[in-house]
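Here, residue 1 is the first one in the sequence, and each next residue gets the next number. Atoms considered below: every heavy atom in the structure, side chains included; atoms not considered: hydrogens, waters and symmetry mates. Indexing begins at 1, ligand by ligand and atom by atom, following the structure's order.
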Amino acid sequence: MGSIQSDANLVGIDLGTTMSVIARLEPNGTTMTIPNSLGDPLTPSIVYFDGSTALVGRMAKEAAALDSSKAALFVKRDMGSPFYSRTVAGRRFRPETLAAIVLRKLKQDAEKRIGPISKAVITVPAFFDDTRRKATEDAGRIAGFEVLDVLNEPTAAALAYAMQSQREAHATDHWLDVPGGEMKAVVYDLGGGTFDVTVVRLRSKHFETVATDGAVRLGGKDWDDRIVDYLGRQFAEKFGVNPAEDPKRRDVWTPLAERYKVILSQLQSVPVELNHQGHSLNLTLTREQFEEATADLLLQTRMVTDLVVTRQAQLGWGDIDRILLVGGSTRMPMVKNMLREVTGQAADDHLDADQVVAQGAAIHAGIIAAKGREGELEIADGLREELEDVAVINVNSHSLGVKALNEDGQSINAVLIPKNTQLPYAASKVFRLRTPGATSIRVNILEGEAAEAAYNIPIGECHIRQLPPNLPRHAPIQVRLAYGANGRVGVMALDMTNGLFAESEIVCGERLSNEELERERMFVDSLNIP
Ligand code: AMP
């Protein structure tokens with residue numbers, strides 16, 4: 001076993017919508033969350049600008065409550081878009097840059113405790129598409145990390161769950177075995193701004209995603225918004241003016257609403273006092289009223305859960321051994337009650353819903369290191385051997401297809417790799433040339449589920465050029481898509497008449513160039529992040 005310092009440069013990071021967490025794998029196989037400079041394991045994912053100073057975390061949250069125009073919140077919801085949804089301190093920012101500032105703060109604080117860190121695994125919701133994943137990876141690079149991998153949050157949770165179960169069973173010579181040999185689990189992840197449900201099959205050192213689905217814009221924030229709306233209506237009934245319609249007032253009420261929500265997870269009611277334009281609303285908000293005002297949000301998560309298990313994974317609820325809860329919002333009693341009703345079993349809430357993802361990411365960083373790809377990892381020999389053999393198998397969360405014309409001349413999405421296919425996977429299909437004599441062919445790759453091409457996201461293209469000018473109508477062209485375990489997509493197009501082919505790896509349009517990355521990194525470097 002080696003010193004702590006030497007493997008300190010590998011961490012796992014849960015870059016959350018509302019909270020972020022950084023953790024590392026200890027030489028003895030436990031995972032440790034690294035507290036920030038205030039001693040908290042959770043750092044609010046909020047950035048507040050004041051000149052060249054960027055506050056991150058709890059201080060930023062407090063400052064944001066006073067002046068929201070200088071604050072960036074819920075950046076994760078905009079990952080993959082060219083710009084953050086609104087201006088911050090009079091500037092437009094890329095979501096990557098804002099996320100990078102949060103990551104930089106985590107790095108900086110953690111380094112004070114464990115020494116230099118350079119390599120990280122960063123997690124994303126399983127449901128994130130290619131563009132959002134790449135934006136997350138870029139955020140890590142701007143922050144100064146070498147990003148070892150971008151890992152699905154439910155997979156991270158499953159890894160941490162398996163490791164912790166074994167430790168609790170004192171089976172520390174089999175770190176990553178699974179109690180009972182095989183287990184199917186549903187990971188229900190409701191965070192601050194995203195929601196997903198994933199079915200995982202766990203066997204000894206084998207972590208397999210069976211199906212996954214979710215919503216990129218559904219989370220605790222929506223529950224907070226409902227409280228603001230509800231209180232706004234109560235206010236309007238009494239005083240004839242609805243403060244919830246005033247964006248500035250909403251910004252002040254939202255953190256209060258979050259506080260009421262958290263209290264309602266423990267208590268049946270909470271006293272509310274709100275002031276606006278000289279009026280004061282005093283009432284008692286009950287858990288029942290809160291649950292009624294948010295019932296449709298919970299129902300959305302219920303429908304997705306049922307869809308993923310029964311339709312996508314084609315399992316019955318009796319096949320599911322465990323329900324694992326991830327994300328702070330699963331502390332709401334309504335979530336546990338709903339899951340018990342749907343699944344017939346109590347959810348397993350003994351993992352720390354806030355920290356489990358970062359801890360799983362730290363284990364994944366250990367797996368990558370143990371497989372020898374990342375230099376020396378000084379850990380117990382038994383653990384290294386276990387980690388070396390771990391297989392983590394993911395599925396694609398969105399279908400991958402090719403833009404084609406059907407018989408009626410409509411532009412359709414010809415799916416080659418349906419969603420929830422285990423990766424790596426490759427598929428090919430033969431298309432027919434529509435225009436006789438065409439000398440070049442462009443293959444457009446689409447990500448998404450819609451039948452009509454226009455409703456999917458174009459993620460790249462591949463050209464075969466300089467075809468002989470005599471190709472007849474209906475000449476066969478084979479297209480092959482290969483989806484790697486790392487989430488990268490390769491495409492090959494073959495003119496079957498002449499044997500000419502073209503191949504490319506898809507690079508998304510949104511991805512930052514090296515110069516852009518460098519520019520954003522210089523900007524982050526120039527900030528004072530206390
Ligand atoms: P995460 O993104 O997983 O850190 O989840 C953060 C979300 O969980 C935020 O919307 C919090 O308001 C919410 N949350 C944290 N603790 C509780 C609690 N005890 N009851 C209800 N919601 C909570």
- Which of parallel (below 30°), tilted (30 to 60°) and perpendicular (above 60°) describes His398 and Phe127? tilted
Requested in this report: Run the ring-centre check on Phe93 versus Phe49 and record whether the distance is less than 6.0 Å.
Outcome: yes
Check your understanding: Can you say whether the rings of His350 and Tyr161 are parallel (under 30°), tilted (30 to 60°) or perpendicular (over 60°)?
Key -> perpendicular
Could you verify whether a donor N or O on one side chain and an acceptor N or O on the other, from Thr33 and Gln359, lie under 3.5 Å apart? yes
Please tabulate, one line per pair, the protein nitrogen or oxygen atoms found under 3.5 angstrom from a nitrogen or oxygen of ligand 1, with distances to 0.1 Å, or say none if there are no such pairs.
unit_1	atom_1	unit_2	atom_2	d
ligand 1	2 (O)	Thr18	OG1	3.2
ligand 1	2 (O)	Gly192	N	3.0
ligand 1	3 (O)	Gly328	N	3.0
ligand 1	5 (O)	Gly192	N	3.4
ligand 1	5 (O)	Gly328	N	3.2
ligand 1	8 (O)	Ser329	N	3.1
ligand 1	8 (O)	Ser329	OG	3.4
ligand 1	10 (O)	Lys261	NZ	3.2
ligand 1	12 (O)	Glu258	OE2	2.7
ligand 1	12 (O)	Lys261	NZ	2.8
ligand 1	14 (N)	Gly328	O	3.4
ligand 1	16 (N)	Arg331	NH1	3.4
ligand 1	20 (N)	Ser265	OG	2.6

*asked:* Side chains of Ser269 and Thr284: any donor to acceptor distance under 3.5 Å?
replied: no
**Prompt:** When the aromatic ring centroids of Phe290 and Tyr230 are compared, is their separation below 6.0 Å?
**Reply:** no
